[in-house]
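Values in this document were obtained by computation on a predicted structure and should not be read as measured data. Every chain is numbered from 1, with letters handed out A, B, ... down the list of sequences.
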2 protein chains.
Amino acid sequence: MSKAANTRLNILHKAFELIYTKGYQTTSIDEIIATTQVTKGAFYYHFKTKDEMGVAIIEEILKPTMQEHFIKPTEASQNPIEDFYNMISYLLLDDPFLQVKYGCPVGNLTQEMTPWNNKFSEALAELVDLWKATIINSIEKGKEYGLIRKDVVGEQVAFFILSGYWGIRNFGKLQNDNSSYLVYLKELKSYLNGLK
Amino acid sequence: MSKAANTRLNILHKAFELIYTKGYQTTSIDEIIATTQVTKGAFYYHFKTKDEMGVAIIEEILKPTMQEHFIKPTEASQNPIEDFYNMISYLLLDDPFLQVKYGCPVGNLTQEMTPWNNKFSEALAELVDLWKATIINSIEKGKEYGLIRKDVVGEQVAFFILSGYWGIRNFGKLQNDNSSYLVYLKELKSYLNGLK
DNA sequence: ATAAAAAAATACTAATTAGTATGAAAAAGC
DNA sequence: GCTTTTTCATACTAATTAGTATTTTTTTAT
């Protein structure tokens, strides 16, 4: 990777971490260039504005991560019910990057940036639609294979699962411990089993 | 009401509206005093800091509203299943103050202010705990009356309902229309019926 | 009515913000 | 080599921020 591409990625990664832990609005460019050891000239060479950098984070950091960790595994799934549960459980309890007190990066950005920044909204909506579509697809396959009841509506379930995930992430932030996650996961399992 | 108490409440109400639509961090005190037509001297006479005002909004605006609209009706409920659905449906589709694109005020504040401001976290947690406890109570009553299965765990269901609500609010913000609400509500109904 | 206290008005500060102007160094093309 | 383009560094600006100091007005108590 070229040196220039490296500084750009470095900015995106460090900025993303700061934004994930502190929020977008309260993360200043001065802070970003301080932690990246990159000068302001370099920053504004790579990004015209702070918002352009924000959108780049979504497209170049969040999107690939999501593709790799959520989309691919879900597409490869043979057992949707069990794998949905495992996916959510992994995200809540085991993912080494995500932390209870900081919530879900995508959820945080959605909450903070919509509806005031259309570029953010569009980039985030694209992400979420992708995830949703994958879940719906997985449900339809599950129905074919007789693993899921025929009267289950994929879109409804997808919304339900993702909403629950985003919401419980907010509870986690509020209480700063994973006890709410554990209670939530039990009910999620029960709900998912009801789809069989 | 005394004139002083009136300016205080006026500040709280207007500030709350601004914060609900714009977010806490991006709502400046200058903006608040401009829309309230109150001077900075008056503002800082009533509130030592911006954060103190924020907490006052939670305790003096959000909490009473919640008591009146969610807690009381839920306590009076004879049919938990149906009333849970009606409560969420009302909040999502009919409440005249809440707007799709601005999400849930409590959810927004939780997302934006935790874990960085403990006073906010505590005040918000108190709110949410109250709501949660009321739901749990209602479920237990429902179990007594034979309206809800005995093996249903109240706390799990409460977390599940509230998480779903917070989460779908985020979807609403993202898409800025209530189509996701409608899909979500169908699955909520189906889920709640599964508790019978 | 008047003194005391509460409430509000005005003018300011120091820090931080995103963004710019300009020039220097590094890399690439020939 | 030398030129051109890319990449980065430095020093700045203008606006906005939360909060303060000080004075004036209004209300309350006696």
With B:F16 as reference, evaluate B:Y102, B:Y24, B:F97 under the ring pair (Phe, Tyr, Trp, His ring centres under 6.0 Å) test and give the passing residue.
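Between B:F16 and the candidates, ring pair (Phe, Tyr, Trp, His ring centres under 6.0 Å) is satisfied uniquely by B:F97.
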I need the residues from residues 47-54 of chain A with at least one non-hydrogen atom less than 4.0 Å from DNA chain C; give them sorted by number, or say none.
A:T49, A:K50
Any side-chain donor paired with an acceptor under 3.5 Å for A:N170 and A:K173?
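Distance-only check fails for A:N170 and A:K173.
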Roughly, in whole Å, what's the span from [atom1] in [X] to [atom2] in [N]?
X     : N      : atom1 : atom2 : answer
A:F43 : C:dT20 : CZ    : P     : 12 Å
A:I33 : C:dA18 : CD1   : C1'   : 11 Å
B:D30 : C:dT17 : CG    : P     : 17 Å
B:I29 : D:dT17 : CD1   : P     : 10 Å
B:I32 : D:dG19 : CD1   : C1'   : 13 Å
A:Y44 : C:dA18 : OH    : P     : 7 Å
A:Q25 : C:dA18 : CD    : C1'   : 12 Å
B:I19 : D:dA18 : CD1   : P     : 11 Å

Tell me which pairs pass salt bridge (charged side-chain N to carboxylate O under 4.0 Å, His left out) where either residue lies in residues 130-141 of chain B, with sequence neighbours left out.
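Qualifying pairs, neighbours excluded: B:D129-B:K132, B:E140-B:K143.
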Scan nucleotides 5-10 of chain D nucleotide by nucleotide, 5' to 3', and note B when protein non-hydrogen atoms come under 4.0 Å of the base, S if they reach only the sugar-phosphate, - if neither.
-SBBBB
Within the 6.0 Å centroid threshold, strictly below: B:Y184 and A:F159:
no
May I ask you to check whether A:F171 and A:Y181 place their ring centers less than 6.0 Å from one another?
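No, the ring centres sit 6.0 Å or more apart.
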Looking at residues at least two apart in the chain, or sitting in another chain, which of them share a side-chain hydrogen bond (donor to acceptor under 3.5 Å, both in side chains) with [X]?
X      : answer
A:S190 : none
B:E126 : B:K63
B:N86  : none

Check for me, please, whether B:L91 and B:L109 land in the same ILVMFWY cluster - side-chain distances under 4.5 Å, paths through other members count.
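Yes; tracing contacts between hydrophobic side chains, which count when under 4.5 Å, links both residues.
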